[in-house]
Amino acid sequence: SNETTTESKTPTTILDTPTNPDSNTPQSTTINGQKQPNPFSKAQIKKRRKQEQWEANKPQRAEFRRTKRKEKQARKAAAHASGLLPPPPPSSSRRPIQVPVSFLIDCDFESYMMEKELISMTAQVTRCYSDNRSAVYRGHMGIAKWGGKMKERFEGVLAGNFHSWKGVRFLEEGWVEAAGILDGIMRGAEGGKLMGALATQNGLEEWKKPTRESKKVEESTAEPNELAQPETQEDQEPSESITAPSETPEPSEPNPSAPSPTTVPTPTPTPKIIYLTSDSEHTLSTLTPNTTYIIGGIVDKNRHKGLCYRRACEAGIPTAKLPIGEYLTMQSRTVLTVNHVMEIMIRWLETGDWGEAFLKVIPKRKEAKLKREGKEGEEEAGEGGENDGENEDEGEE
Ligand code: SAH
């Protein structure tokens, strides 16, 4: 080899550090009792050093991963224990569990969309259905203002496949009324009796009517409700976001045909409705049992800024945005597609972790990165465009 080292570089110390007792590399290269020049190039030596260091740090890295894993498990267990998350599904059953949360897609935006946007919207609704259908925890799903061109497309080009969809309410009513109907179903006013039984069977009654501890946990957090309450709306419910129906205050608009509130043993609770919009000043921190979340069924490439927000405000319904800014380095005002918003909520139900939910759903082209401390760095978002398949879990480390 012509890669001989210069005199000044002693080969003995380059290959191996005498102070390193763990090494079994000989301290000098000796052949037949004669000292030989070091046969390794500087780059090779450097590389080797790095490799050795990497090997030496293996136990520390394993320990770091173990700690992280344990912390994550503990956080999840705490969330389950406090009732903020439904209990984990029994490992034996792969059947989705119905939870008392509703997702309503407000499809009253036909006039705002161009033909191809309407087509895209129809595809997004289909995607919402299939995501919810195959979810570990399935919410109640509804479509408001069902009809018009979207229905035509579902009937025609899409061959009426939606007729076989299960667990979705196609409601011709506008979103406020539709939300009330869905709420009633969710609370067991109608066909929801079955749901109630299923919830009990699955131990979800705890989540439906959480214990004192879980209320305490909620109250102790910075934002007592999942939302900061809108200051301007006096007639909104107080900030206990998880409230058994019997504890709910009187409906703000009493039914004139009903007897006076004092004689009603169990007053019908006011539907808890939240319109999701990236323009909201309020941020969602959890999903709350017995709440209907409205998603604006519109694809508009941001032409109609603030449209959904205004719609909700005019109806006096609280709004909230997803906590993107709290978890990802991307803009908190990021406007997502209908199916991504829906899937994020579904993934939250599954993991109790918004960060994880966002990373699984938000497409890579949006450059989503998880906010974290330490030099561990940032975690890249997985692929997850509208037409992508499911992402692999366990992308960590
Ligand atoms: N210009 C429309 C944008 C629609 S995006 C508007 O006025 O909102 C489609 C729907 O997805 C929105 O109506 C909203 O319900 C939901 N959405 C999108 N991004 C969101 C976010 N960051 N937080 C909460 N909801 C969001």
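Bear in mind the structure is a predicted one, so any value in this text is a computation, not a measurement. Ligands are counted one by one from 1 in listed order, and the atoms in each one are counted from 1 as well.
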Check ligand 1 against [X] and write out every atom of the ligand that is under 4.0 Å from a heavy-atom position of the residue.
X      : result
His304 : 1 (N), 2 (C), 7 (O)
Ile324 : 22 (N)
Val335 : 3 (C), 5 (S), 19 (N)
Thr334 : 19 (N), 21 (C), 22 (N)
Leu322 : 23 (N), 24 (C)
Lys321 : 23 (N), 24 (C)
Ile298 : 4 (C), 9 (C)

Exercise for the section: Kindly confirm or rule out a cation-pi arrangement of Arg61 over Trp54, judged by NZ or CZ under 6.0 Å from the six-membered ring centre and within 45° of its axis? Expected result: yes
Exercise for the section: Test Phe103 against every option in Val341, Thr292, Ile346 by the side-chain contact (heavy atoms from CB on, under 4.5 Å) rule and name the one that passes. Expected result: Ile346
Handout entry: Audit row: Met150, Arg153, side-chain contact (heavy atoms from CB on, under 4.5 Å) steps and yes/no
Key = CA-CA 5 Å; Met150 182 181 282; Arg153 187 168 169 80; 5.8 Å; no
Handout entry: Tyr275 N/O under 3.5 Å from ligand 1 N/O
Key = no
Exercise for the section: Answer yes or no: does an N/O atom from Ala320 fall short of 3.5 Å to an N/O atom of ligand 1? Expected result: no
Handout entry: Hydrophobic cluster membership, Val136 vs Ile97, 4.5 Å side-chain cutoff
Key = yes
Practice task
Verify the cluster assignment for Ile119 and Val125: are they in a single hydrophobic cluster under the rule of side-chain heavy atoms below 4.5 Å apart?
Solution key: no
Practice task
Test Glu356 against every option in Lys72, Lys76, Arg347, Arg75 by the salt bridge (Lys or Arg N to Asp or Glu O under 4.0 Å) rule and name the one that passes.
Solution key: Lys72
Exercise for the section: Check step by step if side-chain contact (heavy atoms from CB on, under 4.5 Å) holds for Val338 and Met121. Expected result: CA-CA 8 Å; Val338 171; Met121 189 59 241; 3.7 Å; yes
Problem - Output field: ring centroids Phe170/Phe162 closer than 6.0 Å - result: yes
Completion exercise
Heavy-atom proximity to atom 8 (O) of ligand 1, picking from Gly297, Cys308, Pro323, Gly325, points to Cys308
Practice task
Going by heavy-atom distance to atom 5 (S) of ligand 1, choose the closest among Val338, Leu336, Ile344.
Solution key: Leu336
Check [X] against ligand 1 and report side chain, backbone, both or neither, counting heavy atoms closer than 4.0 Å.
X      : value
Val299 : neither
Ile295 : both
Leu307 : both

Handout entry: Pair Glu343-Arg127, side-chain contact (heavy atoms from CB on, under 4.5 Å): steps then yes or no
Key = CA-CA 9 Å; Glu343 199 190 338; Arg127 180 66 194 249; 3.9 Å; yes
